[in-house]
Structures are given as C-alpha cells and as structure tokens.
Amino acid sequence: MIFRAKYALVAPGEVRTDVRLELDGNRITSFNTGFVPGSPAADYNFGTAVILPGLVNAHCHLELEFCGGQVPYNGNFMDWLQAIRDLKRARGNTATAFPRDSIKQLLAAGCTTVVDHHATQLDWGAMSGCGLRHVPFKEYFEFNNHEPDADHLSSQAAQGFAPHAPYTASLEIARTCRELANRRHQPLSVHLSEIPGEIEFIRTGDSAQIIQLLKAADAYDAGFHGTGKTPIRLYADEGILNGPTYAVHVNYLADGDLQVLADFRPTVVYCPHSHAFFRHPPHPLPQYLEAGVPVALGTDSLASNDRLSPLHEAALVRRRFPQIAAAKLMELITSAGAEPLGWQGRLGRLEPGLLADFAIFKLDGDPGRGFTELFDAVLDDGQAALTMVDGIIRHTTVNPPNKPV
Ligand SMILES: [Zn+2]
C-alpha cells in the first residue's frame with residue numbers, strides 16, 4: 001500500500017515534503033521524498049496533509065466509559081473517587097468491558113497505542129481485535145493487605161501490573177507488582193504524588209479524607225502511622241521504581257523528589273486536561289524536562305476529561321507552557337510513551353523497517369514547511385483522516401480508496 005502527502009513529521013523536529021510512504025504487511029518498507037521515476041501510483045494521495053507517527057496515550061482508564069462523561073468535582077478528590085465507586089456499585093460493581101466509543105474516539109484522534117489501567121476485567125476477546133495497541137495494566141488496591149498472594153495477583157493481570165497508588169495499595173502489594181512486572185518483562189504503572197493529602201498521609205499516616213476513603217473501601221489499616229518519607233522517596237527506597245515505570249501524574253514535588261526522579265528515571269505521565277479538571281497548581285513539567293526526567297502525555301479517563309486525544313492534551317500544554325518546543329511536545333505524544341514498553345526501536349518514527357503505525361491529518365490551508373507551523377496546524381484540527389495500526393487501516397474519513405482525496 002502506498003500513501004502520498006505533502007508533508008510528514010517523521011520524528012520530533014524533522015519534516016519531509018512530498019512524501020511517499022510504502023508498506024508491506026505491517027512494516028514501512030520505503031519512505032521517499034519527491035518524485036520517484038517509475039514508481040507505481042499511490043493508493044491514497046492526501047495532498048495537503050501531514051503524516052505523523054501513531055500517537056501514544058500513556059495513561060487512560062477505558063473501563064470508566066460507563067461514567068458517561070465527566071463526574072462532577074466539588075474540590076474534594078476523595079469525594080470524586082467515591083462518586084465513581086458509587087456509580088460502579090449502582091451497575092452491580094461492573095465497569096465497561098468493551099469501551100467501543102472510547103476506542104473509536106482514540107483511533108479518530110490518530111492514537112494507535114493506549115496504556116490503560118483496569119480495575120475490572122475487560123472483554124479480552126473483543127479488546128484483542130479492537131484495532132488499537134491496547135496495553136492493559138491491572139490495578140490493585142488493598143491498603144491493609146500485607147501478605148498478598150503473588151499467584152492470585154498474577155492470575156488477574158492480562159499483561160501489566162499497577163498498584164493503584166501509595167495510599168490505596170499496601171507496600172507489599174506494590175512490591176509484589178514490581179516483582180511480577182519484572183518477571184513478565186513489563187513496566188509498572190502507578191498513580192504517584194497525585195494529591196497533597198497523599199504526601200501527608202504517606203509521611204505521617206494522617207489524612208482524614210484518605211482514612212475515610214480507605215474505611216469506606218474496607219481497606220483501612222489501623223497499624224499504619226506513616227513512613228516519614230514522601231511517596232516518591234518511599235517507592236524509590238523500596239525498589240518499586242527499579243525497572244521501567246509509568247509514574248502517573250506526579251503533580252506535586254516535595255523536597256528531594258526531583259532528584260529521586262532524575263536518578264530513577266520513571267516516565268512521568270502528565271494528563272493536562274485531567275490536571276486542570278482537578279484544579280491543581282501548575283504542573284512541574286518544565287522542571288522535569290530541565291532535570292532530564294522522561295515525560296509522556298496521557299488523557300486519564302472520561303470521568304475527568306471530555307475526550308481522549310493525545311493531540312488535545314498537547315494543545316493544552318502548548319497554551320500553558322509556550323516555552324516548550326513543538327518538537328519536544330511531539331516526542332511526549334509519540335515515542336516517549338512507548339519507551340517504558342521497550343518499543344522505541346519499533347515505532348514512534350516514520351522510517352523503513354518500523355511498524356506501520358501512523359496517522360494522516362488533512363490541512364485546511366498550507367502553513368509552510370516549518371516543523372512548528374505544521375505541528376501547530378495538526379494540533380488545531382486534531383481529527384485524523386486516516387489512522388493505520390500495524391499495517392491495517394483502523395479509521396478513515398476517506399472512501400473509497402484508490403482515488404486522490
Ligand atoms: Zn489514572
């Protein structure tokens with residue numbers, strides 16, 4: 001299959017013009033620019049359009065599609081978590097097993113890989129054919145469970161392991177998750193340093209809101225009196241950051257945390273719209289980038305976001321942190337989110353030999369060949385005309401093929 005377009009952002013900061021991308025099966029076999037004498041006609045010619053590597057959403061909860069939109073937030077995070085638990089209970093403690101609408105939305109946004117937390121079991125048969133590279137991480141809670149059964153935990157995880165957070169999963173659960181993840185050669189994923197109460201609770205054992213939540217979940221541990229450490233320091237000291245890790249949110253930094261992150265290099269997953277929804281103070285993103293801490297972007301769930309689109313998240317970062325270069329921003333929604341999975345040599349760029357994951361965005365006008373102008377034009381639109389995952393077209397607004405569009 002051959003695709004033509006006027007532009008391609010082949011990697012962060014790199015633009016090619018008059019591109020011709022050819023696939024064989026699920027691989028990119030050639031990538032040329034300009035006119036190639038004797039080459040066969042393109043199957044798809046998108047004209048004034050931009051081809052990007054497939055976008056990566058580094059944090060989501062697809063099972064929360066049942067919430068049916070954002071769950072109102074009254075300023076108390078524990079109330080919000082409880083509201084989701086209550087919604088789930090009203091459904092007989094089930095969540096969305098096959099999030100059809102979310103998958104469609106992700107593909108339409110040019111997303112090809114989604115890193116997804118699930119507390120319940122999804123419809124794995126349907127998910128395996130959903131079209132996305134869906135990377136599931138089973139979430140574990142049980143703050144009062146100090147003797148977890150590793151075999152039982154392992155039997156619940158289709159792929160990866162995610163202690164929910166330091167204040168909801170016991171240290172023993174988190175350590176077991178790390179060991180199981182390492183055994184399966186998977187990264188770990190965990191919500192970390194998300195709220196100020198979490199830091200306080202892990203340090204001193206004192207947070208009325210967290211204690212209330214744990215009691216309601218029957219997971220309260222009366223023997224917990226704090227560790228004297230921040231959640232980040234604690235996880236580092238306990239070996240839980242030893243190995244590829246998605247450290248989700250990391251909205252708050254206490255003294256010494258930045259150095260720990262720079263030393264252990266988990267991938268911080270910043271979820272800009274969810275962060276804004278919960279009215280957190282500005283995210284320490286510039287500090288992370290400055291310190292060399294890896295960062296990727298995620299959407300979080302539809303319970304705290306109105307859509308699932310890495311580009312939509314990048315557009316908010318562009319407005320909030322205009323000092324961050326467009327090339328860096330592209331990295332945060334392509335290769336950065338795939339690195340903890342060890343996929344950096346397989347996708348995240350457009351070049352021969354790599355997996356055929358890409359998205360094509362049509363342009364209204366022609367912004368010129370500058371990387372920043374083209375990236376900004378894609379951010380403004382945000383809807384893919386075609387999304388290819390593993391060599392298969394999973395979304396297109398173009399019909400029928402074999403014609404210029
Ligand atoms: Zn989350």
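Being a predicted model, the structure only gives us computed values, none of them experimental.
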Student: Could you tell me whether the side chain of S170 and the main chain of N145 form a donor-acceptor pair under 3.5 Å?
Tutor: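 Yes.
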
Student: Grab the two heavy atoms, one from L52 and one from L9, that are nearest each other, plus how far apart they are.
Tutor: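 Answer, listing the atom of L52 first, then L9: CD1-CD1, 3.7 Å.
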
Student: Check whether D116 reaches the backbone of V135 with its side chain - one donor and one acceptor, N or O, closer than 3.5 Å.
Tutor: no

Student: Is it true that a side-chain atom of H275 and a backbone atom of P281 form a donor plus acceptor pair closer than 3.5 Å?
Tutor: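 Yes, H275 side chain to P281 backbone: donor-acceptor pair under 3.5 Å.
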
Student: Quick check, are the ring centers of F161 and F137 under 6.0 angstrom apart?
Tutor: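 Centroid separation for F161 and F137: 6.0 Å or greater.
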
Student: Do you know the tightest heavy-atom contact between F224 and G205?
Tutor: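 For F224 and G205, the tightest heavy-atom pair comes out as CE2-CA, 3.8 Å.
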
Student: Counting heavy atoms not belonging to D255, are there more than 12 under 6.0 Å from its CG?
Tutor: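 No, the 6.0 Å shell around CG holds no more than 12 heavy atoms from other groups.
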
Student: Under 3.5 Å, side chain of T397 to main-chain N/O of A384, donor-acceptor pair present?
Tutor: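 No, the answer is negative, given that no donor and acceptor are paired below the 3.5 Å cut-off.
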
Student: For the residue pair T396 and T387, establish whether any side-chain heavy-atom pair is separated by less than 4.5 Å.
Tutor: no

Student: Please walk me through it: do N305 and S274 pass side-chain hydrogen bond (donor to acceptor under 3.5 Å, both in side chains)?
Tutor: CA-CA 6 Å; N305 201 342; S274 180; over 6 Å; no

Student: For E63 and T120, work out which heavy atoms get closest and say how close.
Tutor: OE1-OG1, 2.7 Å

Student: Exactly one of D366, D18, T48 should register a side-chain hydrogen bond (donor to acceptor under 3.5 Å, both in side chains) with K6. Which one does?
Tutor: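 That would be D366.
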
Student: Verify ring pair (Phe, Tyr, Trp, His ring centres under 6.0 Å) between F264 and Y235, making sure each step is shown before the conclusion.
Tutor: CA-CA 10 Å; F264 284 79; Y235 266 34; over 10 Å; no

Student: Using 4.0 Å as the upper bound for N to carboxylate O, is an ion pair formed by D86 and R89?
Tutor: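 Salt bridge: yes.
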
Student: Less than 4.0 angstrom from a charged side-chain N to a carboxylate O is my criterion; do D257 and R233 meet it?
Tutor: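 No, D257 and R233 are not salt-bridged.
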
Student: So which of T176, L180, N182 actually passes side chain to side chain contact (heavy atoms under 4.5 Å, CB included) with R178?
Tutor: N182

Student: State the CG-SG distance between L132 and C111, to the nearest 0.5 angstrom.
Tutor: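 The distance works out to 6.0 Å.
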
Student: Report yes or no: does E139 contribute a side-chain atom to a donor-acceptor pair with the main-chain N or O of H164 at less than 3.5 Å?
Tutor: no

Student: So, taking the atom named NZ in K138 and the one named CG in L122, what distance separates them when rounded to the nearest 0.5 Å?
Tutor: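 Nearest 0.5 Å value for the NZ-CG distance: 10.5 Å.
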
Student: Taking atom CG as the centre, does D380 end up with more than 12 heavy-atom neighbours from other residues, nucleotides or ligands that are less than 6.0 angstrom away?
Tutor: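 Above 12, so yes.
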
Student: Say you draw a straight line from CG of L62 to SG of C130; how long is it, rounded to the nearest 0.5 Å?
Tutor: 8.0 Å

Student: In terms of relative ring orientation, are Y252 and H280 parallel, tilted or perpendicular, with 30° and 60° separating the classes?
Tutor: perpendicular

Student: side-chain contact (heavy atoms from CB on, under 4.5 Å) between R307 and Q105: does it pass, once the steps are laid out?
Tutor: CA-CA 8 Å; R307 72 191 87 166; Q105 202 185 122; 3.2 Å; yes

Student: Do T29 and E22 have side-chain N/O donor and acceptor atoms under 3.5 Å apart?
Tutor: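 Short answer, no.
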
Student: Under a 4.0 Å threshold between the charged nitrogen and the carboxylate oxygen, would R203 count as salt-bridged to E200?
Tutor: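 No, E200 and R203 are not salt-bridged.
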
Student: What do you reckon, is CD of E290 surrounded by more than 12 foreign heavy atoms closer than 6.0 Å?
Tutor: no

Student: Are Y288 and H283, when compared by the centres of their aromatic rings, separated by less than 6.0 Å?
Tutor: yes

Student: Tell me if the CG atom of N93 is crowded by more than 12 foreign heavy atoms within 6.0 Å.
Tutor: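 Result for CG/N93: enclosed.
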
Student: Quick check against the 3.5 Å criterion: does T204 have a side-chain atom that pairs as donor or acceptor with the backbone of D206?
Tutor: yes

Student: Would you say the side chain of P310 lies within less than 4.5 Å of the side chain of L297, judging by non-hydrogen atoms?
Tutor: no

Student: For the residue pair T112 and R133, establish whether any side-chain heavy-atom pair is separated by less than 4.5 Å.
Tutor: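 When only atoms from C-beta onward are counted, R133 and T112 do not touch, as no gap falls below 4.5 Å.
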
Student: Contact between I360 and V50 at the side-chain level, heavy atoms closer than 4.5 Å - yes or no?
Tutor: no

Student: Before giving the answer on ring pair (Phe, Tyr, Trp, His ring centres under 6.0 Å), spell out for H273 and H312 the whole-Å C-alpha distance, their side-chain angles and the decisive distance to 0.1 Å.
Tutor: CA-CA 9 Å; H273 279 93; H312 186 56; 4.0 Å; yes

Student: Exactly one of Y220, F201, Y167 should register a ring-ring contact (aromatic ring centres under 6.0 Å, His included) with F143. Which one does?
Tutor: F201

Student: Go through it in stages, so that I can follow the logic: the residues are L354 and R349, the test is side-chain contact (heavy atoms from CB on, under 4.5 Å), and I'd like the CA-CA distance, side-chain angles, deciding distance and then a yes or no.
Tutor: CA-CA 8 Å; L354 266 60; R349 298 173 62 93; 3.8 Å; yes

Student: Any sub-3.5 Å donor-acceptor pair from N251's side-chain atoms to E194's backbone N or O?
Tutor: yes

Student: Taking the six-membered ring for Trp, are H191 and H59 parallel (under 30°), tilted (30 to 60°) or perpendicular (over 60°)?
Tutor: perpendicular

Student: Step through the shown structure and confirm whether more than 12 heavy atoms of other residues, nucleotides or ligands are within 6.0 Å of CD on Q212.
Tutor: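 Open: at most 12 neighbouring heavy atoms sit under 6.0 Å from CD of Q212.
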
Student: Return the CG to CD distance between L329 and E313, rounded to the nearest 0.5 Å.
Tutor: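 If I round to the nearest 0.5 Å, the distance is 11.0 Å.
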
Student: Do side-chain atoms of T94 reach the backbone of G92 as a donor and acceptor pair under 3.5 angstrom?
Tutor: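 No; zero donor-acceptor contacts below 3.5 Å.
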
Student: Can you confirm whether Q82 sits close enough to M78 that some side-chain heavy atom of one is under 4.5 Å from a side-chain heavy atom of the other?
Tutor: no

Student: Please state whether the rings of Y73 and F277 are parallel, tilted or perpendicular, taking 30° and 60° as the class boundaries.
Tutor: tilted

Student: Is the side chain of Y246 donor-acceptor paired with the backbone N or O of G337 at a distance under 3.5 Å, no angle test?
Tutor: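 Yes; judged by distance alone, with no hydrogens or angles, the pair exists.
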
Student: Any chance you could lay out the side-chain contact (heavy atoms from CB on, under 4.5 Å) test for L213 and L81, step after step, and finish with the verdict?
Tutor: CA-CA 8 Å; L213 181 91; L81 277 181; 4.0 Å; yes

Student: What are the two closest heavy atoms between M330 and F371, and how far apart are they?
Tutor: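 That would be SD-CZ, 3.6 Å.
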
Student: Shortest non-hydrogen contact from P163 to A169?
Tutor: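 So the minimum-distance heavy-atom pair works out to CB-CB, 4.0 Å.
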
Student: Please name the pair of heavy atoms, one in L253 and one in P284, separated by the smallest distance, quoted to 0.1 Å.
Tutor: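 Closest approach of L253 to P284, heavy atoms only: CD1-CB, 3.9 Å.
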
Student: Once you round to the nearest 0.5 Å, how far does CE of M1 lie from CG of L23?
Tutor: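 Here the rounded value is 5.5 Å.
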
Student: Mark yes or no for whether R394, through its side chain, and V389, through its backbone, hold a donor-acceptor pair below 3.5 Å.
Tutor: no

Student: Between W124 and H134, how do the two ring planes meet: parallel, tilted or perpendicular, split at 30° and 60°?
Tutor: tilted

Student: Are there more than 12 heavy atoms of other residues, nucleotides or ligands under 6.0 Å from atom NZ of K229?
Tutor: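 For K229, atom NZ is crowded (more than 12 foreign heavy atoms under 6.0 Å).
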
Student: Are P166 and E198 close enough that some pair of their side-chain heavy atoms sits under 4.5 Å apart?
Tutor: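 The answer is yes; the side chains approach within 4.5 Å.
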
Student: Hey, could you give me the CG/OG1 distance between L347 and T334, rounded to the nearest 0.5 Å?
Tutor: 9.5 Å

Student: Does R184 CZ have over 12 foreign heavy atoms under 6.0 Å away?
Tutor: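 Count over threshold, so yes.
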
Student: Does the ring pair (Phe, Tyr, Trp, His ring centres under 6.0 Å) test come out yes or no for H249 and Y270, once each step is laid out?
Tutor: CA-CA 5 Å; H249 301 308; Y270 172 31; 9.1 Å; no

Student: For atom CG of N74, decide whether the heavy atoms of other residues, nucleotides or ligands shown that lie under 6.0 angstrom number more than 12.
Tutor: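 Enclosed: over 12 neighbouring heavy atoms sit under 6.0 Å from CG of N74.
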
